[in-house]
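Worksheet: one structure, shown below.
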Amino acid sequence: MSVSTPLLDTIESDETPVELSGNISSAKSNSNARKPVVLTPTNRAQGSQMATTQSDAESGIAGIFRQSAHPMALFFLYFFRISAITVYVISGFLTDNYVLSTVMVVILLAMDFWNCRNVSGRTLVGLRFWNQVDDDGESYWVFESRDPSRPANPIDSKMFWIALYVFPALWTSLLVVSILKLGLSFIPIVILALVFNVANAVGFTYADRDAKQRWANSVVGGGWGLGSLGGQLITGAVQKGVGRMFG
């Protein structure tokens, strides 16, 4: 061994050198590469899907108006009634002006009374009533009804009778609340609302009963070919049955 030869040059490695090939960045990217994520559909969003059947499409408030034969009349029937109750309930929180809130509620009640008796009742269920005074000064009720061959839309009829009986119950509950809270200033408004709503409910109930009795008379008036005696017997039986069912 010569002195000029470095020591490291004489030492042989025990392991064979491993040759590296390729790019370092590509190796890192391959090692850090993630597996692709596969998205599978779930049932989580089924509740927010659009209606696929006719029953789903016809449910809800929009479906009621779509099935109604007179949606505008149905809308204003509920609009005036809901507006009157809403203004009465929130007027105490929005303003301290008792006169203003009273005038607004009374106007809405009057518009509802006129609309229900002259527009909604005639359009939705084919009924109308009013009080008439004859020459002798005696007053009596007059009832009008639609031709039985033109039945009312079932949705219109159902929603009309619901509004006719539900809102008087709501005003009755508000009267009880006013009495319990000793809100004497609001009791006259609630009583006026009850007078308007109950008057329409009673009037249309009697108009409906009168229409059913007249329909029964027209159906069995001829006795279906059984003669005058048979017609009278059947007419009396149907009138009694209708009278028992509808008061």
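Listed by first and then second residue, the side chain to side chain donor-acceptor pair (under 3.5 Å) pairs involving residues 178-190 are Y88-S178 (not counting sequence neighbours).
Residue L184 is grouped with residue V106 when hydrophobic side chains (ILVMFWY) are merged at heavy-atom distances under 4.5 angstrom, including chains of intermediate members. Under the 4.5 Å side-chain heavy-atom criterion for Ile, Leu, Val, Met, Phe, Trp and Tyr, F186 and V99 are members of the same hydrophobic cluster. The hydrophobic clustering, which links ILVMFWY residues whose side-chain heavy atoms are closer than 4.5 Å, places V89 and V177 apart. Linking Ile, Leu, Val, Met, Phe, Trp and Tyr residues whenever their side-chain heavy atoms come within less than 4.5 Å places I61 and W161 in a single cluster. The cluster map of Ile, Leu, Val, Met, Phe, Trp and Tyr, joined by side-chain heavy atoms under 4.5 Å apart, puts V198 and W114 in different clusters.
V105 pairs with exactly one of I189, I85, V190, T86 by the side chain to side chain contact (heavy atoms under 4.5 Å, CB included) rule, that one being I189.
In this structure, the side chains of S68 and M159 stay at 4.5 Å or more apart for every pair of heavy atoms. Counting heavy atoms from C-beta outward, R117 and F129 have side chains that approach closer than 4.5 Å. Looking only at side-chain heavy atoms (C-beta outward), D208 and F204 stay at 4.5 Å or farther from each other. Residues I155 and I64 have side chains in contact (heavy-atom distance under 4.5 Å, counting atoms from C-beta outward). Looking only at side-chain heavy atoms (C-beta outward), H70 and L74 stay at 4.5 Å or farther from each other. Side chains of Y78 and F160 form no contact here, defined as non-hydrogen atoms less than 4.5 Å apart.
When every heavy atom of A73 is checked against every heavy atom of S120, the shortest pair comes out as O-OG, 3.6 Å. Counting all heavy atoms, side chain and backbone alike, V133 lies closest to S139 at CG2-CB, 3.9 Å.
Here the straight-line distance linking atom CH2 of W171 with atom CZ of F196 works out to 11.0 Å at 0.5 Å rounding. In this structure, the separation between CD1 on I107 and OG1 on T102 is 11.0 Å, given to the nearest 0.5 Å. Summarising the geometry, atom CG belonging to N115 is positioned 9.5 Å from atom CG belonging to N200; distances are rounded to the nearest 0.5 Å. I191 contributes atom CD1, which lies 12.5 Å from atom CG of L174 (distance to the nearest 0.5 angstrom). Annotation: the span from L164 atom CG to C116 atom SG amounts to 5.5 Å, rounded to 0.5 Å. To the nearest 0.5 Å, atoms CG (L127) and CG (D210) are separated by 9.5 Å.
In this structure, N131 places its CG atom where more than 12 heavy-atom neighbours from other residues, nucleotides or ligands lie under 6.0 Å away. Heavy-atom neighbours of Y206 OH from other residues, nucleotides or ligands within 6.0 Å: at or below the threshold of 12.
In this structure a side-chain-to-backbone donor-acceptor pair under 3.5 Å is present from T172 to P168. In this structure, R81 contributes its side chain and A163 its backbone to a donor-acceptor pair below 3.5 Å. Panel note: side chain R146, backbone T123; a donor-acceptor pair is recorded below 3.5 Å. Within the 3.5 Å criterion, the main-chain N or O of E138 finds a donor-acceptor partner in the side chain of D134. A donor-acceptor pair is defined here as one N or O able to donate and one able to accept, closer than 3.5 Å; such a pair exists between the side chain of N197 and the backbone of A193.
Taking the six-membered ring where tryptophan is involved, the planes of F79 and F76 are perpendicular, since the angle between them exceeds 60° and thus also 30°.
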Verdict with reasoning, R214 to S145, per side-chain contact (heavy atoms from CB on, under 4.5 Å): CA-CA 9 Å; R214 284 191 288 142; S145 60; 2.7 Å; yes
Chi angles and distances behind the side-chain hydrogen bond (donor to acceptor under 3.5 Å, both in side chains) call for T205, Y165: CA-CA 10 Å; T205 300; Y165 294 124; 2.6 Å; yes
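Residues F113 and F80 keep their aromatic ring centres 6.0 Å or farther apart.
Cluster partners of Y140, using a side-chain heavy-atom cutoff of under 4.5 Å among ILVMFWY residues and allowing indirect links, are W130, V142.
With sequence neighbours left out, D156 forms a salt bridge (charged side-chain N to carboxylate O under 4.0 Å, His left out) with no residue at all.
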